[in-house]
Each structure stands twice: as C-alpha cells, then as structure tokens.
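What follows is a single structure, written as structure tokens, with notes after it.
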There are 2 protein chains.
Amino acid sequence: MEQTDQQPWVMVDTALFTILEERLCLLLARRQEPPFEGVPALPGGFVHVEEDMDTTMAARRVIRGKLGIDAPYLEQLFTFSGPARDPRGWSISVAYYALIPAALLSQSQAVEAVPVEALPGLPFDHPQIVAKAIERLRGKATYSSLPAFLLPGEFTMNDLHRIYQQTIGTRLDQASFRHKILEQDIIEPIPNRFRGGAHRPARLYRLTRRVLTSFERKI
Amino acid sequence: MEQTDQQPWVMVDTALFTILEERLCLLLARRQEPPFEGVPALPGGFVHVEEDMDTTMAARRVIRGKLGIDAPYLEQLFTFSGPARDPRGWSISVAYYALIPAALLSQSQAVEAVPVEALPGLPFDHPQIVAKAIERLRGKATYSSLPAFLLPGEFTMNDLHRIYQQTIGTRLDQASFRHKILEQDIIEPIPNRFRGGAHRPARLYRLTRRVLTSFERKI
DNA sequence: CTAGTTAATTGTTTATTGCAAGTAACATTT
DNA sequence: AAATGTTACTTGCAATAAACAATTAACTAG
C-alpha cells in the first residue's frame with residue numbers, strides 16, 4: 001500500500017470533552033506507534049472505505065476502541081489537510097468533537113483527562129483542532145442543549161447550571177437560567193424522582209425526547 | 001493513477017450564494033465531463049497535494065476558475081465521504097459555502113443563478129450539501145455580520161435590512177434592526193457619502209475593520 | 001425543635017424588543 | 001416658491017425578558 005501523489009491518507013481525530021472536578025477536560029491517549037510514539041495526543045485512526053455517508057462511523061469506532069463506550073454527543077468539527085500536518089506525507093484529517101459524561105468513564109482507561117487550561121504540547125496539528133473544538137463548544141453552549149450531554153441521564157437543575165457555567169466559562173444568574181432552560185423544552189422533570197442530602201431534595205430532570213431525537217437525526 | 005482501496009479521491013464542492021431580484025440564489029455550473037456531463041451541479045474540483053493548511057486554497061481555486069473572482073466570504077461547511085456518493089468510487093468531498101455580491105457577477109458566466117426554493121434535481125450528494133449550507137447560512141445570519149457579505153463594499157441601512165430578511169426568510173422590525181446592528185459595531189457610516197433619489201438621501205455604510213480582519217483571521 | 005444546608009421561588013429594577021406614529025430630506029410638480 | 005410624493009430615519013410607548021437580591025421550602029443532624 002504505497003501513497004500516490006494524488007490520494008492522501010484519510011484519518012479521523014477526536015476531541016473528547018468531559019467535566020472532572022468542576023473543570024472542562026480533554027481526554028488524551030498516549031500514541032501506540034510512531035510518529036510521536038508514547039506522546040499524549042487526540043485519539044484517532046484511519047477511515048475505512050466501507051464507512052459510508054459521512055465519517056461519523058469512523059469516529060464512533062475510534063471512540064469505542066479507546067473508551068469502550070458510545071459518545072452521547074458527537075459532531076463533525078472541521079477537516080484539516082495538507083502535506084505538512086503529518087510527517088508521513090499528505091493526509092486529511094476529519095476532526096470530531098464529542099461530549100462524554102464523567103460517569104461513563106471507567107477508571108483503568110487508556111486515556112487521561114487534562115483540564116483544557118493546562119494542556120501539554122500536542123503533536124501534529126492537534127493544538128489547532130483543540131482550539132477550534134473549544135471555540136465551537138463555547139459558541140454552541142450558550143444557546144443550545146449541548147452541555148447537558150456532559151451529564152448522566154438524570155441530573156438536577158443545579159448540576160445543569162454548573163455544567164453550563166463551566167463550559168461557557170462565565171457566571172449565569174440562577175433564577176434566569178432555570179427560567180430560560182424550562183422555557184426551551186430541553187429538559188423535563190422525572191416524576192417523583194429527587195436527590196436528597198441534609199437539605200431540601202433536588203428534583204431530577206432528563207433531556208426531553210425532542211432533544212434526543214433531534215440529535216439522532218443529525219447522525 | 002489508479003485508485004487503491006485505502007485512499008480515496010479528494011475533492012471540494014462549493015455552494016455559492018448570491019441575492020438576485022430580492023431572492024436568495026445558488027450558482028450552478030453545467031458539468032463539463034462525465035459523470036453527469038451537462039447537468040447543473042455545484043462547482044467543484046480535485047484537491048491538489050500542495051494546497052496546504054486546510055482545503056480553503058482548493059475552494060478558492062475552484063471559485064476563481066468558475067467566476068473569475070474571489071469570494072468575499074468563504075467558509076468550510078462539512079466533509080462528506082463514502083463509497084457511494086460518487087459512481088467513480090470511494091471519494092471524500094470537503095464542502096464549502098461562499099457569499100457572492102451580485103454586483104461582482106459578470107453576465108456571460110459559466111454559471112446560472114437559481115433561487116433556492118426552485119432548485120433542480122442535483123447529482124451526487126449535492127442536495128445534502130445544499131441543505132446543510134442553507135441551514136448554516138440561516139443559522140448564522142441571525143446573530144452575525146454574515147449577510148453583509150452579500151452586498152458590495154458600500155450599502156445603505158435599508159439594503160442591509162432587506163438582505164438580512166431575505167437570507168433569514170422572515171420580516172424584521174426596521175427600528176430594532178437599525179438599533180441592533182449599530183450596537184454591534186459591524187458597520188460604520190462612510191463620512192459624507194450618501195445615495196439619493198427623489199427623496200431623502202440614504203447614508204452609505206461599510207463593514208468595520210474589525211469585522212473584515214476577524215474574517216481574514218479565520219482563513 | 002433549632003440550626004444548617006441546599007433547592008426553588010418571588011419581587012423589583014433595568015434593559016430589549018415590537019409596534020406605530022412622527023419628523024427629515026430630498027426631487028418633482030404646480 | 002409652495003405643495004406633494006417618496007424614502008430615510010427617529011421617537012415614544014407598551015410589552016417582554018434579564019439581572020439582581022432577597023425570601024421561602026424541604027429536608028437532616030444534633
């Protein structure tokens with residue numbers, strides 16, 4: 001399998017976000033083979049010819065291979081190409097970003113979570129990919145249900161409030177947030193489900209069917 | 001140059017928007033070669049290995065080849081791939097969309113403008129590309145300076161108002177529109193420049209340096 | 001039964017927005 | 001030169017939504 005001048009390698013790279021200890025983190029995997037063997041990088045792999053429609057199938061396969069799970073939210077980000085981005089030669093990388101609830105990550109994983117403000121130097125053009133992924137995530141977070149996909153299936157209003165603030169990076173008024181979210185038909189209360197401590201129990205919510213199915217359609 | 005199983009053809013396809021007779025139109029070119037020779041389709045072409053960074057260079061080359069001009073606004077849209085999208089075999093298409101002021105189009109062009117509500121059947125997966133391009137354009141139009149790129153360098157407030165309405169597809173209040181646009185530092189009045197008829201002359205505006213340079217950076 | 005803690009709501013003020021009417025600045029007509 | 005028509009632009013007001021601050025609700029633990 002030799003590379004011609006006219007046809008590049010095609011790969012996917014994935015920027016996987018999660019929230020750990022109240023901070024937005026990126027999941028990095030140490031590279032198993034050269035180039036940059038042993039260096040933490042965005043999980044990626046080659047696209048197979050049979051992976052139809054768009055390259056989402058390939059991204060799913062990569063994520064399943066690294067984490068053993070499916071990402072609740074996965075979206076194509078941008079396509080990078082050129083002769084210089086990979087030392088092996090002309091390549092095209094279709095970049096994806098995904099949101100992974102921390103609850104889905106098991107401990108002994110082949111990935112490590114790094115806060116986005118404290119990323120190590122990354123190989124290839126991965127710094128560009130990460131920058132674009134964060135920009136997109138922040139941009140969409142403000143007006144969409146996106147950050148909710150960083151939470152497990154059941155969550156309280158305050159969980160959601162915190163997650164939005166962490167992804168956007170600014171403080172949001174509590175009362176206004178509640179009101180706006182409930183207006184938008186993004187989440188619904190789960191009947192008779194509460195989470196309690198030594199205080200008033202918090203009502204549990206879930207994403208509405210509308211949000212879940214509208215996301216499915218995009219895949 | 002034979003296609004291997006592992007490396008697809010890489011092409012760009014461009015969805016070129018313009019406003020003609022108060023309607024949002026798409027520019028289509030009749031295909032010069034098989035497959036689908038003679039059929040109107042999105043202008044496209046193969047990506048060359050030396051076209052670095054991302055595939056924007058290839059998209060520029062295609063647009064320059066068809067229209068003889070550079071698009072004032074050009075943005076990567078989505079990447080489509082798979083063995084079935086092109087009858088010639090496995091291919092990847094990086095789709096772009098661009099905004100072209102009608103004033104830049106000369107008459108005897110190799111393209112025809114078709115209103116987006118009256119598109120003919122398009123070959124390949126071009127209908128998907130167009131659908132996604134319109135969705136993105138509409139989505140961004142509401143909160144950005146994007147529709148202004150459909151106008152020439154100088155325009156009146158009412159020109160801008162009409163263009164926004166045409167791209168979004170709904171009516172916008174005149175007073176609120178003026179107010180909001182001026183708040184946002186998107187446009188600025190050109191000193192002492194007016195356009196008159198048999199009535200009060202309209203002040204001419206241009207995009208601010210801030211908007212123009214922030215777009216340049218994205219390229 | 002009181003204190004402590006987090007959840008959720010309620011008012012009050014302050015910007016935004018939507019709508020309607022009015023004023024401004026011309027050219028053209030009388 | 002005054003009246004008229006036409007498009008540009010502004011103003012005022014009512015309705016809505018957002019930001020802020022404080023209050024009430026529902027529990028547990030001592």
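Note that the structure is a prediction, hence the values are computed from the model and not measured. Here is the naming used below: chain letters follow the sequence lines, and residue numbers restart at 1 for every chain.
Between the CG atom of Leu182(A) and the P atom of dA8(C) there is a distance of 10 Å, given to the nearest Å. Spacing between atom CD1 of Ile181(A) and atom P of dA8(C) amounts to 14 Å, rounded to whole angstrom units.
Checking side-chain atoms of Gln165(B) against main-chain N and O of Leu172(B) turns up a donor-acceptor pair under 3.5 Å.
Relative ring orientation between Phe149(A) and Phe215(A) is described as tilted, the plane-to-plane angle lying within the 30° to 60° band.
Electrostatic pairing of Glu117(B) and Arg23(B) counts as a salt bridge here, judged by a charged N lying under 4.0 Å from a carboxylate O. For Arg195(A) and Asp159(A), the salt-bridge test passes: some basic side-chain N is under 4.0 Å from an acidic carboxylate O.
For the segment residues 192-203 of chain B, residues with any heavy atom less than 4.0 angstrom from an atom of DNA chain D are, sorted by number, Ala198(B), His199(B), Arg200(B), Pro201(B), Ala202(B), Arg203(B).
In summary, the aromatic rings of Phe124(B) and Phe36(B) are positioned with their centroids under 6.0 Å apart.
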Under 3.5 Å, which protein N or O atoms sit close to an N or O of nucleotides 14-21 of chain C? Give each pair with its distance.
from	atom 1	to	atom 2	distance (Å)
dG18(C)	N7	Ser176(B)	OG	3.2

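A donor-acceptor contact closer than 3.5 angstrom is absent between the side chains of Gln166(B) and Tyr164(B).
Among residues at least two apart or in separate chains, side-chain hydrogen bond (donor to acceptor under 3.5 Å, both in side chains) pairs with a member in residues 178-187 of chain B are Asp185(B)-Arg210(B).
Here the closest non-hydrogen pair linking Val114(B) and Ala118(B) is CG1-O, 3.2 Å.
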